[in-house]
*Asks:* 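I am attaching a structure below and will ask some questions about it afterwards.
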Amino acid sequence: MTRPYHLLAIETSCDETSVAVVRNGGEVLSNVVSSQIDTHRRFGGVVPEIASRKHVESVTVILEEAVAKAGVSLGDIDAVAVTQGPGLVGALLVGVVAAKSLSLALDVPLIGTHHIAGHIYANRLVGEIEYPALALVVSGGHTELVLLASEGRFQIIGRTRDDAVGEAYDKVARALSLPYPGGPHIDRLAQEAREEIELPRAWLEPDCYDFSFSGLKSAVLAEINRANMKGEPIRAAALARGFQESVIDVVTAKAMKAAAEYGVRQLLLCGGVAANRGLRERLSALCAEAALPLLVPPLSLCTDNAAMIAAAADLKWRRGEFGTLDLKAEPQLSLEDWSVSH
Ligand code: KG4
Ligand code: ZN
């Protein structure tokens with residue numbers, strides 16, 4: 001029997017400081033997440049400088065907590081993984097510096113990891129991934145359809161041309177005076193709504209897998225302005241329902257079409273917006289109808305966390321593809337370039 005191995009992963013790309021210890025690539029021993037949401041809420045969004053400062057304050061504490069919770073000692077750690085990008089540069093740097101120091105002190109390899117590869121491979125913590133697979137990535141900063149022809153090989157076949165889905169959710173929520181982050185509030189209102197304000201769907205060119213959400217967001221703002229000008233009350237729930245239905249119609253239709261065209265064996269849903277109840281329900285129903293297996297991480301693995309970073313780093317660990325101590329935080333790191341090399 002081979003000896004178990006432990007990856008320690010650090011995630012600081014945006015507003016969550018997280019450290020996880022994962023055994024043998026799939027067994028999460030600890031996944032500590034410290035969210036800064038309460039700090040950023042009063043500004044209505046993430047303030048980069050404050051995010052960096054908060055990461056500096058908490059990273060060592062979270063690290064110690066994750067190691068203690070995992071029931072291992074630092075000597076048991078076989079490699080240190082860290083989110084290298086994409087993300088806010090100052091925020092990424094905190095994790096990168098901590099990871100480099102730890103890898104040097106423990107004399108173990110360092111693995112720079114792609115944040116979106118992390119969201120996608122969160123699904124690896126739920127079940128076995130069968131290839132070719134298609135990932136629908138819906139997060140605060142990204143909206144992409146990613147084809148995985150084989151393990152660790154990423155090809156982006158569609159992406160947003162403007163706002164990411166989560167970003168559109170947050171902006172619409174702000175216009176409706178809902179707290180940050182707005183996604184869960186819009187989701188709740190949409191579920192409660194008894195009527196719906198019909199809003200446009202951005203299908204773009206036929207056969208195109210790209211997305212666009214800024215027109216939809218503008219349609220919501222226009223409706224709010226129209227009501228304000230006429231002195232009418234804002235029908236927040238009906239607007240939330242209309243917005244959510246438009247988003248779900250477009251992202252699920254494009255994902256199902258791409259899944260059929262590329263003949264994938266599995267669909268993977270991931271990113272913070274994968275926590276959306278309406279989206280999960282619709283995609284489950286469509287996949288059941290098409291007899292296409294669907295993997296969706298539990299809510300705690302949908303939003304930013306370090307266990308997903310360890311799951312993606314494991315691809316490189318098993319292939320011996322390590323980073324060096326001159327590894328830099330890369331705010332625009334490319335997912336395709338991060339693919340495994342063999
Ligand atoms: O993946 P994530 O944690 O951060 C990024 O990497 O961007 O995603 C955060 C986003 C936020 O925009 C938040 O509003 C959205 O995920 N979100 C939701 C829900 N829960 C979180 N959006 C819609 N419905 C939800 N239930
Ligand atoms: Zn994320």
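Atoms within each ligand, like the ligands themselves, are counted from 1 in listed order. Starting from 1, each residue takes its place in the sequence as its number.
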*Asks:* Decide whether T83 and S13 meet the rule of one side-chain donor and one side-chain acceptor closer than 3.5 Å.
*Replies:* no

*Asks:* P184: heavy atom below 4.0 Å from ligand 1, yes or no?
*Replies:*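 True for this residue.
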
*Asks:* For ligand 1, is there an N or O atom under 3.5 Å from any N or O atom of G271?
*Replies:* no

*Asks:* For atom 22 (N) of ligand 1, what's the nearest protein heavy atom and its distance?
*Replies:* G183 CA, 3.3 Å

*Asks:* Using heavy atoms and a threshold below 4.0 Å, how should the contact between D170 and ligand 1 be classified: side chain, backbone, both, or neither?
*Replies:* side chain

*Asks:* According to ring-ring contact (aromatic ring centres under 6.0 Å, His included), who are the partners of H115, at least two apart in sequence or on a separate chain?
*Replies:*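 Residues passing ring-ring contact (aromatic ring centres under 6.0 Å, His included) with H115: H119.
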
*Asks:* Please could you name the atoms of ligand 1 that G166 approaches to less than 4.0 Å, counting only its heavy atoms?
*Replies:* 12 (O)

*Asks:* Among all the protein's non-hydrogen atoms, which is closest to atom 15 (C) of ligand 1, and how far away is it?
*Replies:*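 Answer, as residue, atom name and distance: V273 CG2, 3.9 Å.
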
*Asks:* Pick one of side chain, backbone, both or neither for how H119 approaches ligand 1, counting any non-hydrogen atom pair under 4.0 Å.
*Replies:* side chain

*Asks:* Within less than 2.8 Å, report the number of protein N/O/S atoms around the Zn ion (ligand 2).
*Replies:* 3

*Asks:* Closer than 4.0 Å to some heavy atom of T303 - which atoms of ligand 1 meet that?
*Replies:*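 In order of number, 3 (O).
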
*Asks:* Show your working on salt bridge (charged side-chain N to carboxylate O under 4.0 Å, His left out) between E245 and R201 and close with a plain yes or no.
*Replies:* CA-CA 9 Å; E245 287 299 310; R201 271 114 181 100; 5.3 Å; no

*Asks:* Side chains of E16 and T303: any donor to acceptor distance under 3.5 Å?
*Replies:* no

*Asks:* Do the rings of Y209 and Y262 sit parallel, tilted or perpendicular, given the 30° and 60° boundaries?
*Replies:*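 Tilted: the ring planes of Y209 and Y262 meet at 30° to 60°.
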
*Asks:* Would you check the N or O atoms of E16, main chain and side chain alike, for any that come under 3.5 Å of an N or O of ligand 1?
*Replies:*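 By distance alone, the answer is no.
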
*Asks:* Among R277, R280, Q244, find the one that has a side-chain hydrogen bond (donor to acceptor under 3.5 Å, both in side chains) with D187.
*Replies:*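 Testing each of R277, R280, Q244 against D187, the sole residue satisfying side-chain hydrogen bond (donor to acceptor under 3.5 Å, both in side chains) is Q244.
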
*Asks:* Can you name the atoms of ligand 1, numbered from 1 with element, that are less than 4.0 Å from a heavy atom of G141?
*Replies:* 7 (O)

*Asks:* Would you check, one step at a time, whether the test salt bridge (charged side-chain N to carboxylate O under 4.0 Å, His left out) holds for E261 with K254?
*Replies:* CA-CA 10 Å; E261 183 183 332; K254 293 203 180 216; over 6 Å; no

*Asks:* How close does the nearest protein non-hydrogen atom get to atom 2 (P) of ligand 1, and which residue and atom is it?
*Replies:* D304 OD1, 3.5 Å

*Asks:* Among all protein heavy atoms in this structure, tell me which lies nearest to atom 17 (N) of ligand 1, with the distance rounded to 0.1 Å.
*Replies:*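 Protein heavy atom at minimum distance: G272 O, 3.7 Å.
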
*Asks:* With no hydrogens and no angle check, just 3.5 Å: does a side-chain donor-acceptor pair link S214 and D163?
*Replies:*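 Short answer, no.
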
*Asks:* I want to know if ligand 1 touches N276 in the polar sense, i.e. an N/O pair below 3.5 angstrom.
*Replies:*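 N276 vs ligand 1: N/O contact under 3.5 Å present.
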
*Asks:* Determine, using heavy atoms of Q244 and all atoms of ligand 1, whether some pair is separated by less than 4.0 Å.
*Replies:* no

*Asks:* Heavy atoms only, cut-off 4.0 Å: how does H115 contact ligand 1, side chain, backbone, both, or neither?
*Replies:*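 Looking at H115 and ligand 1, just side chain atoms fall under 4.0 Å.
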
*Asks:* Look only at interatomic distance and state if G140 has a nitrogen or oxygen under 3.5 Å from any nitrogen or oxygen of ligand 1.
*Replies:*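 In this structure, G140 places an N or O atom under 3.5 Å from an N or O of ligand 1.
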
*Asks:* Please verify the inter-ring angle class for F154 with W338; under 30° counts as parallel, over 60° as perpendicular, anything in between as tilted.
*Replies:*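 Tilted.
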
*Asks:* For ligand 1, indicate whether the residue D187 contacts it via side chain, backbone, both or neither (heavy-atom separation under 4.0 Å).
*Replies:* side chain

